[in-house]
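In what follows, every chain begins at residue 1, and chains take the letters A, B, ... in the order their sequences are listed.
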Protein chains: 2
Amino acid sequence: MARPRKFEEQQVLRDVRDQFWAVGYEATSLDDLVRASGLGKGSLYGAFGDKHKLFMRTLDDYVTDSCAGLRQSLDESERAVDGLRGFLLAGAASLRQGCYLANSTTELAATDSEVAERARKAYEDIVELIAATVERAQREGDLPGGIEPTAFARTLQTAQQGLVYMGRSGLPAEQLAGVAQDLADRLLRA
Amino acid sequence: MARPRKFEEQQVLRDVRDQFWAVGYEATSLDDLVRASGLGKGSLYGAFGDKHKLFMRTLDDYVTDSCAGLRQSLDESERAVDGLRGFLLAGAASLRQGCYLANSTTELAATDSEVAERARKAYEDIVELIAATVERAQREGDLPGGIEPTAFARTLQTAQQGLVYMGRSGLPAEQLAGVAQDLADRLLRA
DNA sequence: TTAGTTATGGACCGATCGGTCAACAACTAA
DNA sequence: TTAGTTGTTGACCGATCGGTCCATAACTAA
């Protein structure tokens with residue numbers, strides 16, 4: 001290792017991610033990242049590669065952490081349907097900040113195939129988690145057996161992303177919360 | 001007028017909008033706009049002002065046209081509930097391209113108050129249109145009278161924006177169409 | 001101590017950014 | 001015709017972009 005790094009990698013990645021998150025990928029300059037991380041340009045390049053590699057790293061970490069958190073939240077719910085409700089309501093929590101993956105996908109997926117592919121995989125993974133929980137809710141008698149789990153999981157995911165977007169668009173928090181309740185009530189009734 | 005303009009304003013605005021739409025605001029350079037419009041930089045500035053003014057103009061036009069189209073589509077529906085269903089399904093039509101307003105809002109609303117304000121107004125206008133159509137559907141007996149029109153309009157709008165986003169994220173067209181049908185069936189049942 | 005290795009940080013690079021401007025072209029009114 | 005006005009064009013501007021490089025610092029192994 002010779003000379004040791006003077007920074008904590010995870011902390012730097014979080015700071016960099018927050019900078020990208022705050023203003024977007026294109027609007028973030030290397031100087032912004034230097035300022036946010038406290039590192040010099042050379043260190044940033046040496047440790048993480050160029051701007052795009054660094055960005056993809058923060059996006060990967062975000063997706064990994066988010067999926068792990070979702071899995072845990074779903075598994076922790078004694079009744080699966082409560083987990084599904086929590087998943088929906090979570091979409092109304094981020095407000096103006098939005099979701100890092102959704103913001104990045106909207107900005108870049110049409111022109112950046114790496115981002116597009118990452119998003120596709122992430123949403124497929126989430127659908128799998130949700131679908132498994134839908135099946136559990138059916139076994140627990142909280143959702144009709146006739147529902148096709150994967151298709152319904154996509155419906156829930158779409159509703160959740162709608163909430164995320166309406167929050168980003170500036171819909172007032174209390175109105176957004178009302179929509180979230182309404183959607184949960186309508187989509188998760190037995 | 002002295003020397004007449006050699007370009008058609010509406011056509012230039014559409015070309016410029018399509019360029020912004022294709023890659024985003026920040027990723028579009030003035031040279032891109034010169035190329036897309038066929039005009040020189042000076043002409044573009046003389047006619048529309050700077051990059052941001054030009055962008056806001058295209059966004060305003062898009063919102064105006066979209067709202068007019070929606071109003072017409074809703075009014076043309078013999079049964080209001082069919083208009084509402086059409087509104088939902090329309091969210092699944094744009095696919096990767098997404099919605100110009102939604103793309104722009106996600107990219108810019110957090111840092112550009114003009115865009116944020118424009119988006120907020122647009123979505124409020126749309127909620128009004130939808131709410132009026134919800135009331136009509138109630139009078140026509142296709143929706144329960146107990147529903148609060150404005151709140152339910154926001155629920156439908158949120159679901160529609162979820163569809164728009166999932167399309168942008170790359171969800172395959174046939175799956176997106178399935179989600180749209182599913183959402184319409186679940187949210188618009190009497 | 002010394003030789004070797006890696007991390008640091010900012011000076012520096014060519015390219016490109018958004019925006020300006022002056023010379024010129026194309027019209028109208030007198 | 002001529003004077004006045006407006007539109008067009010691309011050369012040009014300073015600023016900033018993403019990225020490189022290197023002198024130096026901070027360590028380890030011999």
Between K6(A) and dA25(D), is there a side-chain N or O to OP1/OP2 distance below 4.0 Å?
no
Please tell me if S29(B) has a side-chain N or O lying less than 4.0 Å from either OP1 or OP2 of dT16(C).
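False: S29(B) side-chain N/O out of range (4.0 Å or more) of dT16(C) OP1/OP2.
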Is there a donor on the side chain of R3(B) or the base of dA25(C) sitting less than 3.5 Å from an acceptor on the other?
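Present.
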Pair D61(B) + R17(B): basic N to acidic O under 4.0 Å:
no
Quiz item: cation-pi between K53(B) and Y45(B), 6.0 Å / 45°:
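So K53(B) doesn't make the cation-pi contact.
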Can you see whether F20(A) has K51(A) sitting over its ring - NZ or CZ less than 6.0 Å from the centre and within 45° of the normal?
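No, K51(A) does not lie over the aromatic ring of F20(A).
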Protein-nucleotides 10-14 of chain C N/O pairs under 3.5 Å:
from, atom 1, to, atom 2, distance (Å)
dG10(C), O6, G42(A), N, 3.2

Whole angstrom value for the distance that separates P of dC17(C) from CG of L30(A)
16 Å
Mind calculating the distance between CG (L44(B)) and C1' (dT9(D)) to the nearest angstrom?
12 Å
Would you check if there is a donor-acceptor pair between the side chains of R154(A) and Q157(A) at a distance under 3.5 Å?
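Distance-only check fails for Q157(A) and R154(A).
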Centroid-to-centroid, Y165(A) to Y165(B), below 6.0 Å?
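Ring centres of Y165(B) and Y165(A) not closer than 6.0 Å.
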Mapping E26(B) and A47(A) to their closest nucleotides on DNA chain C, which lands nearer the 5' end?
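Result: A47(A).
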Kindly determine whether S169(B) and R120(A) satisfy side chain to side chain donor-acceptor pair (under 3.5 Å), including the steps that lead there.
CA-CA 7 Å; S169(B) 82; R120(A) 217 31 292 121; 3.2 Å; yes
